[in-house]
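The next block holds one structure in the form of structure tokens; read it before the comments.
Values below: every heavy atom of this structure, side chains too, minus hydrogens, waters and symmetry copies. Labels below follow one simple rule: chain letters A, B, ... track the order of the sequence lines, proteins then strands, and each chain is numbered from 1.
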Number of protein chains: 2
Amino acid sequence: MAATIKQVAAAAGVGIATVSRVFSGAGPVSAATRERVLAAARELDYRPSAAARSLKTRRAGGLGLIVPDVTEPFGAALVAGVLDCARSLGEHVLLDASQGDPAREAEIVERMRAQGVGGIIAVPAGDPETWRPVVRAGTTVVFADRALPELPRVPAVLTDDASGVRSLTEYLVGLGHRRIAFLGATGPGRPADARERAFRATLEGLRVPVDEELVVAARPERDSAYAAAAGLLQARADVTAVLAAGHLVGEAAVLVARELDLRVPADVSIAMVDDVAWAELCDPPLTAVARSGHAVGYHACETAAREPSRRAAPGPLLLPTELVIRGSCRPPRGRSVREAGTSRAR
Amino acid sequence: MAATIKQVAAAAGVGIATVSRVFSGAGPVSAATRERVLAAARELDYRPSAAARSLKTRRAGGLGLIVPDVTEPFGAALVAGVLDCARSLGEHVLLDASQGDPAREAEIVERMRAQGVGGIIAVPAGDPETWRPVVRAGTTVVFADRALPELPRVPAVLTDDASGVRSLTEYLVGLGHRRIAFLGATGPGRPADARERAFRATLEGLRVPVDEELVVAARPERDSAYAAAAGLLQARADVTAVLAAGHLVGEAAVLVARELDLRVPADVSIAMVDDVAWAELCDPPLTAVARSGHAVGYHACETAAREPSRRAAPGPLLLPTELVIRGSCRPPRGRSVREAGTSRAR
DNA sequence: TTGAAAGCGCTAACAC
DNA sequence: GTGTTAGCGCTTTCAA
């Protein structure tokens with residue numbers, strides 16, 4: 001169906017090598033010849049075969065992109081970032097979703113390798129064994145939004161969640177909160193660890209005791225998030241603030257508070273990590289830690305395209321987060337900011 | 001780097017054709033030989049080259065997917081649907097975002113064709129000329145979420161928006177509303193036409209006059225949506241209900257109502273098309289027309305994979321929508337549902 | 001500056 | 001059942 005290089009060559013009255021030179025941009029071709037070739041090609045609707053080219057050059061090109069779930073706002077933004085960067089690089093992208101399942105991820109990686117992608121950008125599902133052989137085989141791999149400690153040599157682009165959680169925790173404590181619940185979001189691609197550690201560390205730094213009962217974790221599903229939030233808020237009416245470590249638990253906290261007739265922020269303050277669209281639509285709008293999935297994707301793609309040799313020093317690239325203060329947090333009932341400040345001082 | 005079929009053949013002590021038979025699944029191979037080949041392949045970490053295969057078979061495989069924006073909830077769901085289906089088909093997918101720009105779309109299509117994809121699924125940006133040559137060249141094309149009237153022969157998978165809007169309009173009128181504002185969402189991939197037409201038709205069918213001043217449209221950006229909603233609600237305090245034809249205008253309506261100190265649903269009822277995550281988190285939760293992007297993507301992918309010959313009769317596949325009633329709509333002030341019913345009868 | 005020719009790794013006839 | 005062989009469309013020496 002499609003025209004081949006041979007037909008174009010014949011039509012233009014030149015050798016196939018010349019046509020190849022015109023299209024691959026390499027090698028010298030006289031302007032006149034180039035014109036003739038281009039005209040013939042246009043006439044025949046010729047389109048160089050990517051398959052043949054990559055068979056010959058042994059690099060197929062294209063970037064593989066693996067995210068847990070394109071439906072998650074952060075994942076979608078990450079994909080958009082990669083797409084934007086790939087576009088400027090002239091690369092195409094192969095996308096697949098791992099659902100955070102290592103077995104599925106392994107399959108996807110396998111297929112992408114067979115496709116001959118020039119590099120893979122992934123939010124890794126967790127199993128380092130999936131990646132070790134890939135890296136060893138020389139395929140460029142860049143981790144995004146999550147790194148695997150077992151593979152410190154693989155470049156990674158992350159958001160600085162620890163600092164985001166620290167800011168948020170300090171903000172809450174500064175408002176006067178002492179009994180702050182931490183709703184962790186573990187699961188695929190998102191072990192609560194970093195965020196939870198940051199929460200604990202900040203509290204300790206501020207000399208606020210960590211109430212273990214108030215640190216809970218949910219799997220990344222609505223049900224689990226809801227159960228965790230409900231269990232927490234029902235059992236402990238003395239909680240004055242909830243720090244949700246992800247938008248799913250944030251959503252759950254808002255819903256549970258409403259169910260329990262807890263007014264936000266009069267009865268409980270709520271804040272979360274991930275500034276998703278609805279944070280602003282909530283009533284009151286939710287204070288959140290914003291992190292840019294687009295930036296993560298864009299930088300990951302840039303890194304993947306860069307020559308491995310001229311890459312930045314090892315260690316993940318940490319992108320900043322931003323604390324967006326809206327109306328969902330207030331000093332705990334019966335205390336003003338001032339009193340809170342005082343009580344912190346003593 | 002990677003092992004070739006030749007090396008595997010040598011290692012297994014067989015001819016390359018045998019190895020090919022084992023991996024392509026075609027042709028008879030004795031169990032013993034197959035085992036030997038598989039073992040050798042595993043040993044060498046052999047992976048058939050997709051490039052060589054598609055060069056030979058002249059069908060590269062893979063599906064191209066073009067959406068306006070992966071960041072839109074509906075678009076993301078559509079992508080997820082395609083991914084799910086492609087996975088079960090054993091196909092990979094090439095993704096790109098057109099931003100609803102025909103020129104960009106044309107570029108993307110061009111690249112995908114060069115890649116030799118087996119079919120393209122697209123939410124078309126609007127220019128039929130992009131698609132005509134593709135279709136003529138014999139490439140499988142399936143439109144999703146939007147069809148091009150100029151190309152009636154291209155299979156399409158759509159949601160039945162007209163019926164969704166009709167249900168919603170009837171619901172609102174049934175509640176007693178007469179001055180219903182329609183906030184259209186035009187723009188990339190989403191001409192308000194179908195929804196607006198359904199709105200008008202339903203109103204007319206119900207003998208409710210259409211107030212032209214209350215039918216406005218916004219471009220699919222937050223600013224434009226907000227401006228449209230604000231202009232409408234400020235100019236016409238007598239509006240009792242807002243039907244937002246998309247989640248962006250829905251969001252704008254909620255925000256503007258809050259800004260204007262309009263209580264929902266006491267002062268205005270609000271409902272929208274597209275049941276996005278925040279609809280349930282709003283206070284009150286928003287009544288919405290749900291349509292499944294996942295289903296659209298899944299079916300589009302199935303259609304693209306099906307033999308063109310054994311495809312269903314022409315005409316788009318219409319997927320159902322569902323009216324999800326929540327708390328954001330109520331009879332207009334000073335009227336009960338009963339009165340409203342009465343007034344409708346007269 | 002251009003053309004001829006040798007494959008890249010694989011599949012599909014066709015022989016055995 | 002299995003091996004041999006002829007390309008698929010392209011890039012890339014090497015000569016001319």
- Task: Enumerate the residue pairs fulfilling side chain to side chain donor-acceptor pair (under 3.5 Å) with a member in residues 74-92 of chain B, sequence neighbours excluded, ordered by first and then second residue.
- Result: A:E107-B:R87, A:Q115-B:H92, B:D84-B:H294

- Query: Which of these passes side-chain contact (heavy atoms from CB on, under 4.5 Å) with A:V29: A:V37, A:V19, A:V22, A:V14?
  - Reply: A:V22

- Nearest listed nucleotide, side chain of B:V14, among D:dT2, D:dG3, D:dC8: D:dG3

- Value in whole Å for how far the C1' atom of D:dT2 lies from CZ of B:R34: 13 Å

- Could you tell me whether A:D45 and B:R136 have a side-chain N and a carboxylate O separated by less than 4.0 Å? no

- Grab the CG-P distance between B:L44 and C:dG9 for me, whole Å please. 14 Å

- Message: Using a 4.0 Å heavy-atom cut-off, does B:S54 contact any base of the nucleic acid, only the sugar-phosphate backbone, or nothing at all?
- Response: nothing

- Message: In this structure, how many angstroms lie between the C1' atom of C:dC8 and the CD atom of B:Q7, rounded?
- Response: 13 Å

- Item | Over 12 foreign heavy atoms within 6.0 Å of CD, A:E43 | no

- Item | First of B:A31 and B:L55 reached from the 5' end of DNA chain D, by closest nucleotide | B:A31

- Item | Carboxylate-amine/guanidinium contact A:E150 A:R132, below 4.0 Å | no

- What's the CZ-C1' distance between A:R36 and C:dT1, to the nearest Å? 12 Å

- Given atom CD of A:Q115 and atom P of C:dG9, what is their separation to the nearest angstrom? 17 Å

- Query: Does A:D145 pair with A:R291 as a salt bridge, N-O distance under 4.0 Å?
  - Reply: yes

What are the atom names and distances for every N/O pair under 3.5 Å that joins the protein to nucleotides 11-13 of chain D?
from   : atom 1 : to    : atom 2 : distance (Å)
D:dT11 : OP1    : A:R53 : NE     : 2.6
D:dT11 : OP1    : A:R53 : NH2    : 2.9
D:dT11 : OP2    : A:S20 : OG     : 2.7

- Verify the contact: side-chain N or O of B:S49 to OP1 or OP2 of C:dC8, cut-off strictly under 4.0 Å; return yes or no. no

